[in-house]
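A short worksheet on the structure shown next.
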Amino acid sequence: SYNILFYSISSHFVHAEIRPSTHQSIRAACASALYKYRDHVFPIWDGCNSRNVPIHTPDPWASYVAEVKTPGTYTGEMEIMACTMYYHVRFVVIQPGLPSLLFQPSHPIRSSIRAFWLHFTPGHWQALLMKDHSSASPGYTDRAEHIRLIPDRNIYTFPSVVPGSAPSPA
């Protein structure tokens, strides 16, 4: 299901008592945030729809956001950034074999902002929760010497997590 990113975020929000926390409400908030924070998230957009086909309409951005509102539409980095801005939270994305990503709503990195961990493999998202099912927020992501900003993307990257320092999949 292409709703899996929003289901994963919903898993975190339910445990963190962030409301509303349904995947449908998070998708709607994400679409709203794409308009509101367009200048912040637009550099990530490649001009294509969710099927990686270029959009040729009078207003391609509006067409893209309308597609994001549709249940079942695949979403990724840009939508995570929009949710980061809308909910004022951080998302840490673990990608096996690749550097991890930190989506941060503001600069510089502030440890007072709640962090939620997601695991990504091509075509699948999963919430990473602690064994007690609480949302994970290891302080490791606050160690600035390990974090680098990806130019023009407002996304941070850091080396893959040290074994034992990250939560395990729920």
Side-chain angles (χ1 to χ4, degrees), residues 1-55 57 59-95 98-128 135-137 141 147-158:
S1 162
Y2 288 127
N3 294 316
I4 204 74
L5 172 61
F6 297 111
Y7 277 115
S8 297
I9 293 172
S10 175
S11 293
H12 278 301
F13 285 6
V14 165
H15 294 293
E17 298 182 2
I18 295 174
R19 303 285 184 252
S21 57
T22 65
H23 74 93
Q24 299 98 328
S25 62
I26 295 168
R27 182 182 282 278
C30 173
S32 172
L34 286 171
Y35 275 121
K36 184 174 181 178
Y37 301 108
R38 178 183 176 162
D39 292 342
H40 195 78
V41 298
F42 193 78
I44 301 171
W45 191 41
D46 61 4
C48 294
N49 64 17
S50 66
R51 293 171 307 283
N52 208 29
V53 175
I55 299 175
T57 62
D59 187 351
W61 183 251
S63 298
Y64 180 80
V65 174
E67 185 178 30
V68 168
K69 289 180 186 178
T70 307
T73 302
Y74 183 79
T75 52
E77 283 184 10
M78 193 163 60
E79 290 74 25
I80 293 172
M81 181 59 76
C83 286
T84 295
M85 302 297 291
Y86 185 89
Y87 291 103
H88 199 69
V89 297
R90 298 185 289 178
F91 287 101
V92 177
V93 177
I94 306 299
Q95 309 173 99
L98 296 171
S100 299
L101 301 174
L102 171 63
F103 293 81
Q104 173 79 16
S106 61
H107 304 286
I109 294 173
R110 294 191 345 243
S111 61
S112 62
I113 299 172
R114 217 179 220 168
F116 299 101
W117 291 60
L118 300 168
H119 182 265
F120 175 75
T121 54
H124 184 73
W125 292 94
Q126 183 173 1
L128 296 176
S135 290
S137 186
T141 59
I147 299 174
R148 291 189 169 80
L149 180 64
I150 299 173
D152 302 323
R153 298 196 62 177
N154 296 317
I155 300 172
Y156 294 90
T157 183
F158 59 96

When rounded to the nearest 0.5 angstrom, what is the spacing between [atom1] in [X] and [atom2] in [Y]?
X    : Y    : atom1 : atom2 : value
W117 : L102 : CH2   : CG    : 9.0 Å
H23  : I9   : NE2   : CD1   : 12.0 Å
Q126 : I4   : CD    : CD1   : 8.5 Å
M81  : L34  : CE    : CG    : 11.5 Å

For [X] against [Y], the heavy-atom pair lying closest together:
X   : Y    : value
I26 : P20  : CG1-O, 4.3 Å
D46 : C48  : OD1-N, 2.9 Å
I94 : S100 : CD1-OG, 3.4 Å
V65 : A31  : CG1-O, 3.6 Å

Decide yes or no for [X] and [Y]: does some side-chain heavy atom of the first lie under 4.5 Å from some side-chain heavy atom of the second?
X   : Y   : answer
F6  : C83 : yes
V89 : H12 : no
T75 : C30 : no
M78 : V68 : no

Discussion item. Is it the case that the side chain of S10 and the backbone of S21 share a donor-acceptor pair, with hydrogens and angles ignored and the cut-off at 3.5 Å?
Written reply: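 Side chain of S10 to backbone of S21: a pair is present.
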
Worksheet item: Is there a donor-acceptor pair under 3.5 Å between the side chain of S50 and the backbone N or O of T73?
Response: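 Here the side-chain-to-backbone pair does not exist.
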
Practice prompt. Check side chain to side chain contact (heavy atoms under 4.5 Å, CB included) between A28 and all other residues, then give those that pass, not counting sequence neighbours.
Written response: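 With sequence neighbours excluded, A28 shows a side chain to side chain contact (heavy atoms under 4.5 Å, CB included) to no residue whatsoever.
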
Practice prompt. Apply side chain to side chain contact (heavy atoms under 4.5 Å, CB included) to Y37 and list each qualifying residue two or more places apart in sequence or on a separate chain.
Written response: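 Y37 satisfies side chain to side chain contact (heavy atoms under 4.5 Å, CB included) with A33, H40, M85 only.
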
Discussion item. Assess the residue pair L98 and F120 against the criterion (side-chain contact (heavy atoms from CB on, under 4.5 Å)); give the C-alpha distance rounded to whole Å, side-chain angles, the decisive distance to 0.1 Å, and a yes or no.
Written reply: CA-CA 10 Å; L98 296 171; F120 175 75; over 6 Å; no

Worksheet item: Taking it one step at a time, do W125 and Y7 satisfy side-chain contact (heavy atoms from CB on, under 4.5 Å)?
Response: CA-CA 9 Å; W125 292 94; Y7 277 115; over 6 Å; no

Worksheet entry | salt bridge (charged side-chain N to carboxylate O under 4.0 Å, His left out) partners of residues 61-72, not counting sequence neighbours, each pair once |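 Those involving residues 61-72 are R51-E67.
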
Fill in: Sequence neighbours excluded - salt bridge (charged side-chain N to carboxylate O under 4.0 Å, His left out) pairs with any residue from residues 7-19
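Sorted result for residues 7-19: empty, none.
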
Discussion item. Y64: which residues meet the ring-ring contact (aromatic ring centres under 6.0 Å, His included) condition with it, sequence neighbours left out?
Written reply: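 If we apply the ring-ring contact (aromatic ring centres under 6.0 Å, His included) test to Y64, skipping adjacent residues, the hits are W45.
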
Practice prompt. Output all residues satisfying side chain to side chain donor-acceptor pair (under 3.5 Å) with T121, sequence neighbours left out; order by chain, then residue number.
Written response: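 Per chain and number, T121 pairs via side chain to side chain donor-acceptor pair (under 3.5 Å) with no residue.
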
Practice prompt. For a side chain to side chain contact (heavy atoms under 4.5 Å, CB included) with I80, tell me which candidate from L101, V41, L5 qualifies.
Written response: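 Result for side chain to side chain contact (heavy atoms under 4.5 Å, CB included) with I80: L5.
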
Worksheet item: According to the interplanar angle, ranging from 0 to 90°, do the rings of F116 and F91 count as parallel (below 30°), tilted (30 to 60°) or perpendicular (above 60°)?
Response: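 Tilted: the ring planes of F116 and F91 meet at 30° to 60°.
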
